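Each ligand, and each atom within it, is numbered from 1 in the order the structure gives. In this text the structure is predicted, and so the values were computed from the model without any measurement.
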Amino acid sequence: MRPLQAEIRLDALRDNYRLARQLAGGRTLAVVKANAYGHGVVRCARALDGEADGFAVACIEEALELRAAGIVAPILLLEGVFEPDEYSLCAELGLWCVVQSDIQLAMLETSPVASLPSVWLKMDSGMHRAGFAPDDYAAAWQRLAGSGKALEIVKMSHFARADEPDQVMTQAQIETFDAACRALPGAASLANSAGLMVHPSARREWSRAGIMLYGVNPLPQGMGPALKPVMRLTSRIFAVREIAAGEPLGYGHNFVATRRTRVGLVACGYADGYPRLASTGSPVAIDGVRSRVIGRVSMDMLTVDLTDLPAAGLGSEVELWGGAINVNEVAACAGTIAYELLCNVKRARFV
Ligand SMILES: *Cc1c(COP(=O)(O)O)cnc(C)c1O
């Protein structure tokens, strides 16, 4: 069998959730959208079931998968619905729903459902992506309350720059939110992972923790609490060769050996989710010792430098991330963020 393996440590997931909840000082949704950031949504939700106050997913398809797997905890749809019929399914399955636009609000007002258990009315407090403008928010809230379609209304907003600790924008968003909600009763929800870590004033009745549950710190290196990586992605070397100084390697010949180089071939490529942009220089750990990718990442394989690792060879374990290698390092080499790498993990054997 192909040796690519994603080891998922559910104990670490639970520990990270507990830490998020402790930071939040209140109820915390475990964000499991995008297949739990690539970790396998059913197994992650089951591991947190009975512990998490609820789950958050992007859309109803993801919520249906959880309900089908027997998850009975509250599930919030972060994008809300796309078609009016979905509200009936939300009511039937007890799903919680974000309403972030006039269209979604109008669909709910005219929907035949009697009521939804909880509607999270989203304000655009400065991200300018989704939500009602602060000046329109109270009117939207009154419309929703007046429709009788929500047994509970939670006021929510989302941060644009919470992962930049020096940014004043987050505090400005909090103030905008509070000012626009002043006269409106009920619970609120602002913080994502970075918001929880950096901005105590963002803590409200509900938080929404995503990336930190998976043990990845969204803040600049050296900041934030200690988290436990959940996914350890490994494969093995299945061929070894030597190339002479001056010989090129791989597609485009974009790596040229400057000395006699021992090359290990690893069963992992961009079709598996390893970023193609993280070519020569990206860190790997071979039998626990750091080395690097050399040459371009191919679809199903990549090549690593074994020159200084005489003990490594056929069958050696290659860790792509999750133990000795922090996924944030690989993301930086690829010019992206760890979120994207994790969501892209495919074809691995999940253990
Ligand atoms: C994805 C998402 C989160 C979780 O964000 P993290 O940075 O992963 O903690 C929270 N709220 C909303 C609205 C989201 O879309």
*asked:* Please tell me whether L23 and Y214 are part of a single hydrophobic cluster in this structure, the criterion being side-chain heavy atoms less than 4.5 Å apart.
replied: no
shortest atom 9 (O) of ligand 1-to-protein heavy-atom contact is with S193 OG, 2.5 Å
- So do the side chains of V297 and P275 get within less than 4.5 Å of each other, counting heavy atoms only? no
of all protein heavy atoms, closest to atom 12 (C) of ligand 1 is H158 CE1, 3.4 Å
Quick note on ligand 1: atoms under 4.0 Å from a heavy atom of I211 include exactly 6 (P), 8 (O), 9 (O)
Under 4.0 Å from one or more heavy atoms of Y339, ligand 1 contributes atoms 6 (P), 7 (O), 8 (O)
among protein heavy atoms, the one nearest atom 11 (N) of ligand 1 is R208 NE, 2.9 Å
For D102, the salt bridge (charged side-chain N to carboxylate O under 4.0 Å, His left out) test, sequence neighbours excluded, returns R143
The answer for which part of L78 has a heavy atom under 4.0 Å from ligand 1 is side chain
Practice prompt. State whether the shortest distance between N or O atoms of M212 and N or O atoms of ligand 1 falls below 3.5 angstrom.
Written response: no
Quick look: K33 vs ligand 1, heavy-atom contacts under 4.0 Å, and the answer is side chain
D85 meets the side-chain contact (heavy atoms from CB on, under 4.5 Å) criterion, sequence neighbours left out, with none
Among non-hydrogen protein atoms, atom 5 (O) of ligand 1 lies closest to N192 CB, 3.5 Å
Closest to atom 4 (C) of ligand 1 among protein heavy atoms sits Y37 OH, 3.5 Å
| query | When the ring planes of W321 and Y274 are compared, do they come out parallel, tilted or perpendicular, using 30° and 60° as the limits? | reply | parallel
| message | Let me check something: do Y37 and L48 share a hydrophobic cluster, defined by ILVMFWY side-chain heavy atoms less than 4.5 Å apart, either directly or through other members? | response | yes
task = Identify whether L144 and Y87 are in the same connected component of the hydrophobic contact network (ILVMFWY, side-chain heavy atoms under 4.5 Å).
result = yes
